[in-house]
Number of protein chains: 2
Amino acid sequence: MTEGPGFGNTLVCLSVLIQRRYLQICADHDLTTAQAQLLCLVKDQPRGMSELGHLLSLAKPGMSGLVDRTERRGLVRRGASEHDRRACTVSSTPLGKEIGDALYADVAARLPGIVDHLSPADRQLFQELVTAVTGETVSGPCRGDDAPAR
Amino acid sequence: MTEGPGFGNTLVCLSVLIQRRYLQICADHDLTTAQAQLLCLVKDQPRGMSELGHLLSLAKPGMSGLVDRTERRGLVRRGASEHDRRACTVSSTPLGKEIGDALYADVAARLPGIVDHLSPADRQLFQELVTAVTGETVSGPCRGDDAPAR
DNA sequence: TAGTTTAGTTCGTGTCGCGAACTTACGTTT
DNA sequence: AAACGTAAGTTCGCGACACGAACTAAACTA
């Protein structure tokens with residue numbers, strides 16, 4: 001137990017810091033964070049609803065609603081699955097792909113700004129550690145796996 | 001620009017990781033994250049609505065609603081301000097204080113679990129860097145100041 | 001005293017996400 | 001083949017959350 005008692009709370013503060021900036025970036029692209037995350041998962045490949053629900057830690061009604069709203073904005077599209085007539089796949093429309101790519105680039109450009117006041121060496125170190133913490137899952141955009149409970 | 005293109009997204013992943021765990025801890029204390037943050041800010045001292053709105057980055061209707069809901073649960077109380085009959089202060093009830101303290105302790109105990117798979121040396125390093133990033137604001141619970149725009 | 005600013009509230013709207021109940025389709029069993 | 005259990009999504013009703021606009025009341029200012 002090397003951590004001081006305040007470390008847990010500091011982590012919350014860090015998360016809030018990131019979330020606020022992320023929210024702002026999403027808003028600049030006229031997206032909510034939920035729709036942004038969906039778009040990022042779908043912009044380069046179609047995915048099934050249950051897969052998305054698992055990645056985003058959403059139950060089925062949550063996924064349905066999110067896809068509904070995003071589809072209504074013309075960013076995403078439901079398609080039929082090949083081998084299962086119950087299932088459907090979610091893919092991005094050209095507009096969605098465009099917005100998703102722009103958002104991704106903007107996140108890459110602007111989010112690291114929260115560490116601007118660190119020295120270059122510390123920035124580098126921080127980046128490596130964050131990558132280690134989030135898991136070696138550097139796979140593409142953003143995963144969301146997290147053993148839900150303990 | 002030392003950061004790789006994926007760093008911004010990695011930060012989002014980290015934030016999601018923290019948020020999910022935090023959400024679970026809050027749920028275990030029967031709190032939403034919004035109410036938890038409010039409670040933490042108020043459990044050791046009364047604060048005014050506008051101060052809270054600033055700390056939580058909420059507009060006035062958002063604050064009113066949040067305090068409404070939290071007050072309805074008996075965790076928080078509105079009181080009159082000394083020098084301004086328009087203003088009101090928000091303070092915690094004994095129940096709110098109790099729950100807030102328990103939540104705070106639980107956050108301190110369980111949130112650092114996300115770095116469990118790091119080596120002790122890396123953990124220590126990570127903790128220091130996160131503290132540096134969130135600002136020297138180690139003041140008590142959790143602040144929320146963030147220059148809203150870029 | 002009149003006009004302006006400030007603190008909070010109320011109202012209407014939209015996003016978000018849950019549980020419960022349901023429909024449809026798949027897979028298996030008998 | 002008919003029947004059952006299971007899995008994928010949807011719909012409904014609910015509550016939390018937070019915004020802009022419009023409002024009230026108190027404080028400040030001229």
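Every heavy atom of this structure was used, including side-chain atoms; hydrogens, water molecules and symmetry mates were not. Proteins come first, then strands; the chains are lettered A, B, ... in the order of their sequence lines, and each starts at number 1.
Close to C/dG14, at under 4.0 Å from its OP1 or OP2, lies no side-chain N or O of A/Arg69. For A/Arg85 and D/dG9, the shortest distance from a side-chain N or O to OP1 or OP2 is not below 4.0 Å. Put simply, B/Ser50 has a side-chain N or O that comes within less than 4.0 Å of OP1 or OP2 on C/dG8.
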Run B/Arg78 and B/Asp68 through side-chain contact (heavy atoms from CB on, under 4.5 Å) and show every step you take. CA-CA 9 Å; B/Arg78 278 176 170 94; B/Asp68 281 351; 3.0 Å; yes

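For the pair B/Leu23 CG and C/dC16 P, the interatomic distance rounds to 16 Å; values are reported in whole Å. Atoms CG (A/Leu66) and C1' (C/dG14) sit 14 Å apart, rounded to a whole Å. A/Lys60 places its NZ atom 17 Å from the P atom of D/dC12, with the value rounded to the nearest Å. Nucleotide C/dG17 holds its C1' atom 13 Å from the CZ atom of B/Arg20, rounded to whole Å. Straight-line distance from the CE atom of B/Met63 to the C1' atom of D/dA16: 15 Å, rounded to whole Å. Between the CG atom of A/Leu56 and the P atom of C/dC16 there is a distance of 12 Å, rounded to whole Å. As rounded to whole Å, 11 Å separates atom P of C/dC16 from atom CD of A/Gln37. If you take NE2 of B/His54 and C1' of C/dA7, they are 16 Å apart, rounded to a whole angstrom.
Checked against D/dT11, C/dA7, C/dT9, the side chain of B/Ser64 finds its nearest nucleotide in C/dT9. Checking C/dC26, D/dT11, C/dG8 against the side-chain heavy atoms of A/Asp84 singles out C/dC26 as nearest. Among the nucleotides D/dT11, D/dG20, C/dA7, the one closest to the side chain of B/Pro61 is D/dG20. When distances run from any side-chain atom of B/Leu58 to the nucleotides D/dA8, D/dA27, D/dC19, the shortest one goes to D/dC19.
Donor-acceptor pairing under 3.5 Å, judged by distance alone, is present between the side chain of B/Arg86 and the base of C/dT6.
Within residues 26-34 of chain B, the residues approaching DNA chain D are B/Thr32, B/Ala34, by heavy-atom distance under 4.0 Å.
Counting heavy atoms from C-beta outward, A/Val90 and A/Thr70 have side chains that stay 4.5 Å or more apart. Within the 4.5 Å cutoff, side-chain heavy atoms of A/Val130 are placed close to those of B/Phe126. Between A/Asp44 and A/Lys97 there is a side-chain heavy-atom pair separated by less than 4.5 Å.
Between A/Asp68 and A/Ala87, the one whose closest nucleotide on DNA chain D sits nearer the 5' end is A/Ala87.
Remark: side-chain polar atoms of A/Arg123 are paired, donor with acceptor, to backbone N or O of A/Leu118 under 3.5 angstrom. With A/Thr134 contributing its side chain and B/Thr10 its backbone, the two residues share no donor-acceptor pair below 3.5 Å. Between the side chain of A/His117 and the backbone N or O of B/Ala132, at least one donor-acceptor pair lies under 3.5 Å.
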